[in-house]
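To keep things clear, I will list the structure first and then write my remarks on it.
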Amino acid sequence: MMDDLPQASDSKRYALTNGTVFTGTEVVRDRAILIAGNRIQGLCSLEELGACDRIDLNGANVAPGFIDLQLNGCGGVMFNDAITAATLNTMHRTNLRSGTTSFLPTLITTSDADMAQAMAVVAESRKTAPHNVLGLHLEGPYLNLKRKGIHNADDIRDPDPAMLHKIAIAGRDVVKLVTLAPEQVAPEQIQTLVDAGIRVSAGHTDATFEEAIARFEAGVGMATHLFNAMSPWLSRKPGMVGAVFRHPEVYAGIIADGQHVHFDSIRLAKQLKGDRLLLVTDATPPVGTQMTSFIIGGQEVFYRDGKCVSADGTLGGSALTMIEAIANCVQQVGIELPEALRMATLYPAQAIAVDADLGWLGAGAIANLAIFTDDFAMQAIVDCGHYQALQNPKSKI
């Protein structure tokens with residue numbers, strides 16, 4: 001799987017030169033990126049660099065490392081199947097091949113025991129990799145059966161106050177995001193999570209427009225995989241989709257693989273949501289492998305022709321990488337590259353309030369970087385200050 005990934009450089013201070021730098025606010029072509037330890041020391045001219053090691057990027061593009069807020073698995077593993085540090089390590093190493101340096105491992109609907117184990121594993125992982133594993137995304141189990149998608153119906157349930165208390169006590173340092181059907185959860189329960197600093201997202205929901213707006217006012221601040229597994233926007237029933245468009249402050253993740261959402265729907269969503277629309281992959285085990293099937297939600301899902309579907313045709317996650325999502329936004333949707341990059345970096349960082357360190361490129365930021373060519377082939381990454389050239393960068397993963 002990832003055995004061909006070169007070992008990270010141990011250089012403590014070095015500069016990346018001759019690149020087109022996308023900082024998050026501007027595009028810079030005449031500056032080097034000076035890295036010291038795990039942070040960016042600054043952008044400077046070659047004359048200002050002084051004595052340090054230099055890596056010539058040969059005109060490649062440099063962006064902040066991509067941030068994925070919805071990642072079920074990749075590299076042949078699924079977080080639900082093996083809730084361990086080894087699984088997180090495999091996911092991270094696979095992510096690096098496509099420029100994603102930070103992610104939320106996503107645990108879909110399961111038992112309270114698995115949820116508690118996931119919180120413990122993520123808490124421990126964040127002690128050593130706080131800028132890679134940013135926290136846990138709990139997608140379920142407090143969902144609406146009518147919009148369950150691939151989630152296991154047997155595990156979908158009403159909120160349990162004791163479990164909600166455990167999630168809130170873990171807090172945003174461990175749990176960054178909780179996806180729930182807001183019509184299934186009382187406003188005071190939503191507030192419990194919000195008060196703990198956790199971003200609450202509406203997903204797998206059949207909420208009416210009125211219910212959705214009321215829950216947004218109660219603290220729900222995001223929508224999970226916009227358009228998918230939620231009440232649609234109809235002429236007389238705007239539903240959850242209409243409510244997301246109506247409420248300007250609500251973030252929305254979207255899967256830009258051309259399978260989950262029509263590219264023209266992404267174009268319209270972008271016009272309506274602006275900087276509140278962000279990219280997620282919803283990736284599953286086939287990413288980075290030759291797998292043709294896997295188990296999710298108790299069902300076998302088949303990977304065929306770029307699509308992950310169960311025998312009855314239900315979508316079961318994706319095989320999308322973030323660099324592919326960005327390329328699709330530019331080439332298929334018509335979004336300018338700097339803005340498409342912000343959808344995978346700055347906006348997700350802002351959505352979960354980690355933008356003090358991540359999602360932008362400049363002095364003081366964590367040195368997580370994605371380096372790629374004009375045709376979206378990954379060339380190298382910088383992972384918490386460690387530069388890694390990627391072998392076979394043009395190979396599809």
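Only this structure's heavy atoms are used, side chains among them; waters, hydrogens and symmetry mates stay out.
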Interatomic distance, Leu177 atom CG to Arg172 atom CZ [nearest 0.5 angstrom]
11.0 Å

Whether the side chain of Lys176 engages the backbone of Leu69 through a donor-acceptor N/O pair (distance < 3.5 Å, no angle test) should be reported.
no

Under a 3.5 Å distance rule, please check whether Glu183 uses its side chain to pair with a backbone N or O of Thr205 as donor and acceptor.
no

Taking Glu211 for the side chain and Thr208 for the main chain, is one N or O donor matched with an acceptor at less than 3.5 Å?
yes

Are Val21 and Arg29 packed together at the side-chain level, in the sense that at least one heavy-atom pair is separated by less than 4.5 angstrom?
no

Mind telling me whether Phe22 and Phe372 have parallel, tilted or perpendicular rings, with 30° and 60° as the class edges?
parallel

Rounded to the nearest 0.5 Å, what's the gap from OG on Ser102 to CG on Leu134? Could you check?
4.5 Å

Between the side chains of Asp112 and Arg157, is the shortest nitrogen-to-carboxylate-oxygen separation below 4.0 Å, so that they form an ion pair?
yes

With distance as the sole test, does Arg199 use its side chain to make a donor-acceptor pair with the main-chain N or O of Met222 at under 3.5 Å?
no

On a heavy-atom basis, which atom in Leu390 and which in Met378 lie closest, and how many Å separate them?
CD1-CB, 3.6 Å

Taking Arg276 for its side chain and Gly274 for its backbone only, find out whether a donor-acceptor pair lies under 3.5 Å.
no

When you look at CZ of Arg246, are more than 12 heavy atoms from neighbouring residues, nucleotides or ligands closer to it than 6.0 Å?
no

A side-chain contact here means heavy atoms from C-beta on lying under 4.5 Å apart; do Phe209 and Val241 qualify?
no

Looking only at atom types and distance, does a side-chain atom of Thr345 sit under 3.5 Å from a main-chain N or O of Leu341, one as donor and one as acceptor?
yes

Side-chain heavy-atom pair Phe216, Val244 within 4.5 angstrom cut-off:
yes

Does Glu339 use its side chain to pair, donor to acceptor, with the backbone of Glu336 at less than 3.5 Å?
no

If every non-hydrogen atom of Ala32 is compared with every non-hydrogen atom of Thr17, which pair is closest and at what distance?
CB-CG2, 3.9 Å

Judged by modelled atom types alone, do Asp68 and Thr281 share a side-chain donor-acceptor pair under 3.5 Å?
yes

Any side-chain to backbone donor/acceptor pair from Ser231 onto Ala207? Under 3.5 Å, distance only.
yes

Rounded to the nearest 0.5 Å, what separation is found between the CG atom of Asn228 and the CZ atom of Arg147?
10.5 Å

Separation between CZ of Phe245 and CG of Leu272, rounded to the nearest 0.5 Å
5.5 Å

Can you name the one residue among Gln70, His137, Glu139 that meets side-chain hydrogen bond (donor to acceptor under 3.5 Å, both in side chains) with Thr179?
His137

Closest heavy-atom pair and its distance - Phe302, Ser293:
CD2-CB, 3.9 Å

For Ile371 and Val382, work out which heavy atoms get closest and say how close.
CD1-CG2, 4.3 Å

Identify whether Ile352 and Val220 are in the same connected component of the hydrophobic contact network (ILVMFWY, side-chain heavy atoms under 4.5 Å).
yes

Side chain of Asp257, backbone of His260: donor and acceptor closer than 3.5 Å?
yes

Pair His151-His204, ring-ring contact (aromatic ring centres under 6.0 Å, His included): steps then yes or no:
CA-CA 9 Å; His151 288 238; His204 295 274; 4.3 Å; yes

Between the side chains of Gln379 and Thr373, does any donor sit under 3.5 Å from an acceptor?
no

Might you work through the salt bridge (Lys or Arg N to Asp or Glu O under 4.0 Å) test for Asp275 and Arg342, ending with a clear yes or no?
CA-CA 8 Å; Asp275 63 5; Arg342 283 188 284 268; over 6 Å; no

Could you verify whether a donor N or O on one side chain and an acceptor N or O on the other, from Gln332 and Asn328, lie under 3.5 Å apart?
no

Supply the atom-to-atom distance Ile335 CD1 to Gln271 CD, rounded to the nearest 0.5 angstrom.
9.5 Å

Quick check: closest heavy atoms across Ile35 and Ala367, and the distance to 0.1 Å?
CG2-CB, 3.9 Å

NZ/NE/NH1/NH2 to OD/OE distance under 4.0 Å, Arg39 and Asp357:
yes

Side-chain donor-acceptor pair under 3.5 Å between Asp114 and Asn80, yes or no?
no

Spatial distance of atom CD (Glu26) from atom CG (Leu43) [nearest 0.5 Å]
8.0 Å

Can you find a side-chain donor-acceptor pair between Asn144 and Asp206 that sits under 3.5 Å?
no

Of Val133, Val121, Thr87, which meets side chain to side chain contact (heavy atoms under 4.5 Å, CB included) against Pro105?
Val133

Looking just at side-chain N and O atoms, do Asp383 and His92 make a donor-acceptor pair shorter than 3.5 Å?
yes

Are Thr192 and Gln189 close enough that a side-chain donor and a side-chain acceptor fall under 3.5 Å?
no

State yes or no: do Ile156 and Val178 share one hydrophobic cluster built from I, L, V, M, F, W and Y residues joined by side-chain heavy-atom distances below 4.5 Å, directly or via other members?
no

Positive for side chain to side chain contact (heavy atoms under 4.5 Å, CB included) with Cys329, one of Leu279, Leu337, Ile254
Leu279

Which heavy atom of Ala344 sits nearest a heavy atom of Ile326, and at what distance?
CB-CD1, 3.7 Å

In terms of side-chain geometry, is the basic nitrogen of Asp173 or Arg126 positioned less than 4.0 Å from the acidic oxygen of its partner?
yes

Consider only side-chain N and O atoms of Ser98 and Thr100, and report whether a donor and an acceptor are under 3.5 Å apart.
no

Report yes or no: does Thr284 contribute a side-chain atom to a donor-acceptor pair with the main-chain N or O of Gly73 at less than 3.5 Å?
no

